[in-house]
Amino acid sequence: MTHRYIKELGSYIDQEVVLKGWLAQKRDSKGLLFATMRDGTGFVQVVIDENVVGNEIFEQAKKMGQESSFAISGIVKKDERQFGGVEVQAKSFCAYANAEDFPITPKEHGVDFLMDKRHLWLRSKRQWAIMRVRNTIIFSIHEFFQNKGFVQMDAPIFTGNACEGTSTLFETDFYGEPAYLSQSGQLYGEAMAMAQGLIYTFGPTFRAEKSKTRRHLSEFWMIEPEMAFYDLKMDMDLIEEFVQHVVGRVLEKHPLELSVLERNTEMLEKVKLPFIRMKYEEAVDIIKAEKAVNGKTSIQLLEEDLKALNDKMASLQSDIAEREAKIAGGTLTKGERNFTQSKIDQLKNEIKDLEEKAGNIPAWLESARNFKRGDDFGGSDETVLTRMFGQPVMVYNWPQEVKAFYMKEDETDKGYAKGVDLLAPEGYGEVVGGGERETDIERLKGKIIEHELPMEAFEWYLDLRKFGNVPHSGFGLGLERMVAWICGLQHIRETIPFPRSYGRLLP
RNA sequence: UCCUUCUUAGCUCAGCUGGUUAGAGCACAUGACUGUUAAUCAUGGGGUCCUUGGUUCGAGCCCAAGAGAGGGAGCCA
């Protein structure tokens, strides 16, 4: 008999298999033990019957703590009630190592606690599902670009200059000289595109901002394609094809994982070509409620959302009151009382979250009303704009001042840069940012001076314009934001195995 | 950096107007139960109430400072 993985059990119905893995959860009653085994490829319930395996082995199995490692052989049975549709009836059992007092119990835990235990948290079903989806996203990104003949390149991590001159960078000592950890590989990508035509980078990126929000990490992974002979329009066409490809692959390969994550896939099904595209000025009209979408302005929609939140909170409150009355009634069994009590705790937490959300809306309303034309979008503006459509929105032709120095000015739309941001719906914000690059060397020099960047650090970059200058474009994708959006996660920290953020260096 | 909320058992939380020996559930341990899916029953162990200082006859609760965390703003992908 050969070792099989849980994932493949569907093709071994009524056959005997060997499984090796860890104990995710167990329940026992007299002579019968239900153990949920996980082996990395999935989760399956194993039933161990004292009459089958014998008293000694049964006792041994019963003693296993959560996350003990063990192997079994047994018959695969179809059972629609089970996660994955099968269960295994054990014929023999063999322990590898017992585990005691595993800290992550089937109870709810706080984020801080779980982050301290991240090395163990990764084993839980939800984290398992996220990491599987992350893997598919990474693979499908490579697949997309490789199929189109793009060459993957690695940009340096140590750099001598702050590329866009804006963000705070991590400073290190490079043989006595200050060096910075890369915040973007894009300028190097441009150089390589002039050598290979179509390229993409896929590497780590660092930002030293002391941000504590659900959208930020200090270390994250970025994908930056760069294409010679592409203008802004071709860039946008590529972005939407690319995003649709990645989302499509996840939908295709991970229905089970998405259901573990309770992801509403309806929103993902809407990621279809062509995406909504609009110029910055039109987006501003919508944010400022000067223009309605589907008969509603942003302000009306936000006010409706606020009301809906308040209604929801009121209904949860009455739900809690009802359950509390039940407990006070005193007719419940102990089990029912516990269940009701934990339900109440859950509802209270839900209310807390809703209160936080509702608390933000007035500020967002205010910021939408007072939005200053010409400014960059804030987090709330992005949320408001995509909220109007419920699908990804591409905003292009931004005021030059808010975009990086290398963005090309639109000849027919003076003062606007040919940049584009792809905003994901449901509050996930900017997932992709890109645009057509400035080719006029004099203008580039002017911008470098304007942005007060050290000219000598950009000499090599300016060389790219001196030798066979061509129109070219590219974009950058934040991997973790993409994972958060596709998985529908509250927090970006769950999207990467070991997140690094302000105040978090371990584990 | 600013605004805001929080810190009580291994975990999630309750703790009234400042008043006797600080509670619950989960988890854990022992026992009972042959089909469980966070819902069986009984018993048991488990506390630096974040830290420091102050007010008070008396502080988990009030005041001050500090540390850590959550959410938001700014900045960004």
Side-chain angles (χ1 to χ4, degrees), chain A residues 24-36 43 45 47-51 63 65-66 79 81-83 87 89 100-117 164 166-168 183-184 186 205-218 220-224 327 332-346 348-349 352-353 355-357 359-364 366-367 376-380 382 402 404 421-424 428-434 475-482 484-485 490-493 502-504:
Chain A
Q25 230 179 93
K26 81 172 178 201
R27 285 169 283 278
D28 62 357
S29 60
K30 189 174 170 61
L32 208 51
L33 176 72
F34 301 96
T36 304
F43 292 76
Q45 172 163 283
V47 186
I48 300 173
D49 188 329
E50 188 170 7
N51 293 330
K63 284 217 165 61
Q66 195 186 343
D79 187 342
R81 290 169 306 173
Q82 302 302 334
F83 180 82
E87 74 170 17
Q89 288 170 353
E100 274 170 35
D101 298 325
F102 190 71
I104 302 170
T105 61
K107 171 84 186 164
E108 272 186 66
H109 299 282
V111 200
D112 194 36
F113 173 79
L114 289 168
M115 274 302 166
D116 282 338
K117 303 273 180 288
E164 297 173 24
T166 48
S167 320
T168 333
Q183 62 147 358
S184 161
Q186 118 123 60
T205 305
F206 309 87
R207 303 280 162 89
E209 289 142 4
K210 291 184 179 173
S211 291
K212 286 169 74 159
T213 83
R214 55 180 61 185
R215 287 198 297 278
H216 289 86
L217 288 169
S218 302
F220 61 98
W221 289 73
M222 193 147 72
I223 295 92
E224 294 176 289
I327 289 179
L332 301 181
T333 66
K334 190 173 170 226
E336 285 168 333
R337 202 173 62 225
N338 289 349
F339 181 75
T340 308
Q341 187 58 53
S342 80
K343 201 78 202 173
I344 289 173
D345 288 351
Q346 222 176 59
K348 277 187 183 169
N349 276 326
K352 259 187 210 165
D353 282 355
E355 267 171 359
E356 234 155 38
K357 264 190 203 159
N360 288 334
I361 290 184
W364 291 2
E366 201 55 24
S367 124
D376 203 355
F377 293 172
S380 70
E382 295 175 352
V402 304
D421 283 359
L422 176 74
L423 308 177
Y428 288 98
E430 190 182 339
V431 170
V432 173
F475 62 88
L477 165 86
L479 177 65
E480 284 73 19
R481 284 196 183 170
M482 186 88 169
W485 167 43
Q490 280 290 307
H491 215 293
I492 198 162
R493 281 170 225 175
Y502 181 55
R504 169 67 61 187

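Every chain is numbered from 1, with letters handed out A, B, ... down the list of sequences. The structure presented is a predicted model; accordingly, all values stated were derived computationally and were not measured.
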Item to check | Nearest-angstrom distance, P atom, C49(B) to G53(B) | outcome: 14 Å
Next on the checklist: Here's a test of your reading of the structure: between Tyr502(A) and Asp101(A), which maps to the more 5' nucleotide of RNA chain B?
Outcome noted: Asp101(A)
Checklist entry - For the side chain of His216(A) and the base of C76(B), is some donor closer than 3.5 Å to an acceptor across the two? => result yes
Checklist entry - In terms of heavy-atom contacts, does OH of Tyr502(A) have more than 12 from other residues, nucleotides or ligands at under 6.0 Å? => result no
Checklist entry - Using the rule for Phe, Tyr, His and the six-membered ring of Trp, do Phe220(A) and A77(B) stack at under 5.5 Å and under 30°? => result yes
Item to check | Glu430(A) CD - C76(B) P separation (whole Å) | outcome: 9 Å
Next on the checklist: Categorize Val431(A) for me: base, sugar-phosphate, or nothing, with a 4.0 angstrom heavy-atom threshold over every strand shown.
Outcome noted: sugar-phosphate
Next on the checklist: At 4.0 Å (heavy atoms only), tell me whether Glu224(A) reaches a base, stays on the sugar-phosphate, or touches nothing.
Outcome noted: nothing
Next on the checklist: Nearest to the side chain of Ile492(A), heavy atoms from C-beta on, is which of A77(B), C76(B), U36(B)?
Outcome noted: A77(B)
Checklist entry - Is the backbone of Glu430(A) close enough, under 3.5 Å, to the side chain of Arg481(A) for a donor and an acceptor to pair up by distance? => result yes
Next on the checklist: Heavy atoms from C-beta onward define the side chain here; which of G35(B), A73(B), C28(B) lies closest to that of Trp364(A)?
Outcome noted: A73(B)
Next on the checklist: Can you confirm whether the side chains of Thr105(A) and Gln66(A) place a donor and an acceptor under 3.5 Å from each other?
Outcome noted: no
Item to check | Sugar-phosphate only, base, or nothing, as touched by Gly65(A) at under 4.0 Å among non-hydrogen atoms | outcome: nothing
Checklist entry - At under 4.0 Å between heavy atoms, what does Leu217(A) touch on the DNA or RNA strands: base, sugar-phosphate, or nothing? => result base
Item to check | Partner nucleotide, any strand, of C33(B) [Watson-Crick/G-U, under 3.5 Å] | outcome: none
Next on the checklist: When the P atoms of A67(B) and U52(B) are compared, how many Å lie between them, rounded to an integer?
Outcome noted: 15 Å
Item to check | Distance below 4.0 Å between Arg215(A) side-chain N/O and C75(B) OP1 or OP2 | outcome: no
Checklist entry - What is the pairing partner of C16(B), taking Watson-Crick or G-U wobble pairs with both distances under 3.5 Å in any strand? => result none
Checklist entry - According to a strict under-4.0 Å criterion, is Arg214(A) in side-chain N/O contact with OP1 or OP2 of G72(B)? => result yes
Checklist outcome for this item: To the nearest angstrom, the CD-C1' distance between Glu50(A) and G35(B) comes to 15 Å
Item to check | Under 3.5 Å on both distances, the Watson-Crick or G-U partner of A67(B) | outcome: U7(B)
Checklist entry - Could a donor-acceptor pair under 3.5 angstrom be found where the side chain of Glu87(A) meets the base of G35(B)? => result yes
Item to check | Nearest-Å distance for atom pair CD/P, residues Gln25(A) and U36(B) | outcome: 15 Å
Item to check | Value in whole Å for how far the C1' atom of A69(B) lies from CE of Met115(A) | outcome: 12 Å
Checklist entry - Among the nucleotides C28(B), U34(B), U36(B), which one has an atom lying closest to any side-chain atom of Phe34(A)? => result U36(B)
Checklist entry - Starting at CG of Asn360(A) and ending at C1' of U5(B), how long is that distance when rounded to a whole Å? => result 12 Å
Item to check | C61(B) and C50(B), which share atom name C1', separated by this distance in whole Å | outcome: 15 Å
Item to check | Closest non-hydrogen atom pair, Gln45(A) against Phe34(A) | outcome: NE2-CD2, 3.6 Å
Checklist entry - How many Å lie between CZ on Phe83(A) and C1' on U36(B), as a whole number? => result 17 Å
Checklist entry - Whole-Å distance between G35(B) C1' and Asp79(A) CG? => result 10 Å
Checklist entry - Rounding to the closest angstrom, what is the interatomic distance between C3(B) and G10(B) at atom P? => result 34 Å
Checklist entry - Between Pro103(A) and Phe113(A), what is the shortest heavy-atom contact and its length? => result O-CZ, 3.8 Å
Checklist entry - According to the Watson-Crick and G-U wobble definitions, with both distances under 3.5 Å, which nucleotide is paired to U21(B)? => result none
Item to check | Pairwise P distance, U51(B) and C11(B) [rounded to whole Å] | outcome: 15 Å
Item to check | Per Asp49(A) side chain, nearest of listed nucleotides A73(B), U34(B), G71(B) | outcome: U34(B)
Checklist entry - With rounding to whole Å, what would you report as the distance between A9(B) and G60(B) at their C1' atoms? => result 14 Å
Next on the checklist: Applying a 4.0 Å non-hydrogen cut-off, can you work out what Glu100(A) is touching in the nucleic acid: base, sugar-phosphate, or nothing?
Outcome noted: nothing
Next on the checklist: With a 4.0 Å limit, can you tell me whether His491(A) has a side-chain N or O closer than that to the phosphate oxygens OP1/OP2 of G71(B)?
Outcome noted: yes
Next on the checklist: Using a 4.0 Å heavy-atom cut-off, does Phe113(A) contact any base of the nucleic acid, only the sugar-phosphate backbone, or nothing at all?
Outcome noted: sugar-phosphate
Next on the checklist: Using atom C1' in both nucleotides, what's the gap between A69(B) and U8(B) to the nearest angstrom?
Outcome noted: 16 Å
Next on the checklist: Between Glu480(A) and Trp221(A) (side chain of the first, backbone of the second, donor and acceptor by atom type, cut-off under 3.5 Å), is there such a pair?
Outcome noted: yes
Checklist entry - Of all the nucleotides listed (U37(B), G71(B), C33(B)), which has the minimum atom distance to the side chain of Gln82(A)? => result U37(B)
Checklist entry - So what's C49(B) paired with, Watson-Crick or G-U wobble, going by both distances under 3.5 Å? => result none
Checklist entry - Looking only at heavy atoms, what is the nearest atom pair of Gly476(A) and Glu224(A), with distance? => result CA-CG, 3.8 Å
Item to check | Between U36(B) (P) and Ile48(A) (CD1): distance, integer Å | outcome: 17 Å
Checklist entry - Hey, is the main chain of Leu423(A) close enough, under 3.5 Å, to the side chain of Asp421(A) for a donor-acceptor pair? => result no
Checklist entry - Given that both distances must come in under 3.5 Å, which nucleotide forms a Watson-Crick or G-U wobble pair with G58(B)? => result none
Next on the checklist: Whether the side chain of Asp28(A) and the base of U36(B) hold a donor-acceptor pair under 3.5 Å is what I'd like checked.
Outcome noted: no
Checklist entry - What integer number of Å spans the P atoms of G44(B) and C26(B)? => result 15 Å
Checklist entry - Is there a Watson-Crick or G-U wobble partner for G44(B) with both distances under 3.5 Å, and which nucleotide is it? => result C28(B)
Checklist entry - Contact class for Ser29(A) (heavy atom, under 4.0 Å): base, sugar-phosphate, or nothing? => result base
Item to check | Nearest to side-chain heavy atoms of Arg493(A), which nucleotide of G70(B), C28(B), G72(B) | outcome: G70(B)
Checklist entry - Looking for any heavy atom pair under 4.0 Å, which part of the strands does Ser380(A) touch: base, sugar-phosphate only, or nothing? => result sugar-phosphate
Checklist entry - Do NZ/NE/NH1/NH2 and the carboxylate oxygens of Arg504(A) and Asp112(A) come within less than 4.0 Å? => result yes
